[in-house]
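Working notes, structure below.
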Amino acid sequence: QVQLVESGGGLVQAGGSLRLACAASGTIFSIYTMAWYRQVPGKQRELVAAITSGGITNYADSVKGRFTISRDNTKKTVYLEMNSLKLEDTAVYYCNLASRSWGQGTQVTVSS
């Protein structure tokens, strides 16, 4: 059974940084594209960043230049480094594996 466990969320001031991590278990990890999504109440879940098995990355325009996605296949973990955080980055952040498995989410709150 696939499990994705996110960590690293929290409260941070605008302009600050956070690093999210998502650890996978119960699945092969290295061959799959991993992604981070986020969702705010009343809105659809949106793609933040993705990384393929070969390390090719893709970012939402709203986070380009501020967020960095990376992966460590030996640890079966994907990371999201978030810098220069803005109020509008406040959301629940979800880890996704192969467009089918989801973590439970971790709250990121950016305050002014």
Side-chain angles (χ1 to χ4, degrees):
Q1 183 177 352
V2 178
Q3 271 200 313
L4 301 173
V5 179
E6 298 103 334
S7 61
L11 175 65
V12 63
Q13 284 194 320
S17 299
L18 280 176
R19 188 193 196 204
L20 306 182
C22 171
S25 61
T27 178
I28 297 172
F29 179 82
S30 61
I31 64 173
Y32 294 121
T33 292
M34 298 297 299
W36 287 96
Y37 286 74
R38 65 188 180 187
Q39 189 170 25
V40 297
K43 291 191 174 182
Q44 280 195 326
R45 196 169 293 189
E46 65 172 1
L47 176 68
V48 176
I51 184 167
T52 68
S53 59
I56 297 172
T57 58
N58 180 46
Y59 297 93
D61 288 343
S62 59
V63 306
K64 279 180 182 176
R66 300 188 298 121
F67 290 12
T68 302
I69 188 170
S70 61
R71 65 191 296 161
D72 184 336
N73 290 335
T74 63
K75 296 182 179 180
K76 292 190 175 181
T77 300
V78 62
Y79 303 96
L80 186 68
E81 184 78 33
M82 305 186 294
N83 298 314
S84 302
L85 282 160
K86 303 176 180 180
L87 297 179
E88 52 264 41
D89 294 319
T90 295
V92 178
Y93 284 71
Y94 297 91
C95 176
N96 176 274
L97 180 146
S99 300
R100 62 171 184 257
S101 298
W102 295 93
Q104 82 287 352
T106 186
Q107 177 71 46
V108 171
T109 303
V110 184
S111 66
S112 58

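Results of the side-chain contact (heavy atoms from CB on, under 4.5 Å) test with Met82 over Leu20, Asp89, Val12, Thr68 single out Leu20 as the only residue that passes.
A distance of 10.0 Å separates CE of Met34 from OG of Ser99, quoted to the nearest 0.5 Å. Atom OG1 of Thr33 and atom CD1 of Ile56 lie 9.0 Å apart (nearest 0.5 Å). Distance check: Leu11 CG to Gln13 CD gives 8.0 Å after rounding to the nearest 0.5 Å. Between atom SG of residue Cys22 and atom CZ of residue Phe29 there is a gap of 7.0 Å, rounded to the nearest 0.5 Å. The CG atom of Leu4 sits 10.0 Å away from atom OG1 of Thr77, with the distance rounded to the nearest 0.5 Å. Atom CH2 in Trp36 sits 12.5 Å away from atom CG in Leu47 (nearest 0.5 Å).
In terms of modelled atom types and a separation under 3.5 Å, the side chain of Thr90 and the main chain of Val110 share a donor-acceptor contact. Side-chain atoms of Glu6 come within 3.5 Å of backbone N or O of Gln104 as a donor-acceptor pair.
Of all heavy-atom pairs between Leu80 and Ala49, the closest is CD1-CB, 4.1 Å. The minimum heavy-atom distance between Asn83 and Ser17, with the atom names listed, is OD1-OG, 2.8 Å. In terms of heavy-atom proximity, Val92 sits nearest to Gly105 at CG1-CA, 3.8 Å. Residues Tyr94 and Gly103 approach most closely at CD2-O, 3.6 Å, considering heavy atoms.
Using a 4.5 Å heavy-atom threshold, the side chains of Val63 and Arg38 count as touching. The side-chain heavy atoms of Cys95 and Val78, taken from C-beta on, include a pair separated by under 4.5 Å.
Under a cut-off of 6.0 angstrom, the local environment of CD1 in Ile28 is sparse, with at most 12 non-hydrogen atoms contributed by other residues, nucleotides or ligands. By the 6.0 Å contact criterion, CD on Gln3 is open, its count of non-hydrogen atoms from other residues, nucleotides or ligands being 12 or less. For Gln44, the CD atom sits in a loose shell: 12 or fewer heavy atoms of surrounding residues, nucleotides or ligands are nearer than 6.0 Å.
Clustering ILVMFWY residues whenever any of their side-chain heavy atoms sit less than 4.5 angstrom apart, transitively, puts Leu18 in the very cluster that holds Leu87. Under the 4.5 Å side-chain heavy-atom criterion for grouping Ile, Leu, Val, Met, Phe, Trp and Tyr, Ile69 is connected to Leu97 within one hydrophobic cluster.
Residues meeting the ring pair (Phe, Tyr, Trp, His ring centres under 6.0 Å) test with Tyr37, sequence neighbours left out: Trp102. Listed by chain and number, the residues in a side-chain contact (heavy atoms from CB on, under 4.5 Å) with Arg19 are Tyr79, Glu81 (sequence neighbours excluded).
Arg71 and Tyr32 share no donor-acceptor pair across their side chains, judged by distance under 3.5 Å alone.
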Next on the checklist: Set out, in order, the CA-CA distance, both residues' side-chain angles and the distance that settles side-chain contact (heavy atoms from CB on, under 4.5 Å) for Phe67 and Leu85, then state yes or no.
Outcome noted: CA-CA 9 Å; Phe67 290 12; Leu85 282 160; 3.8 Å; yes
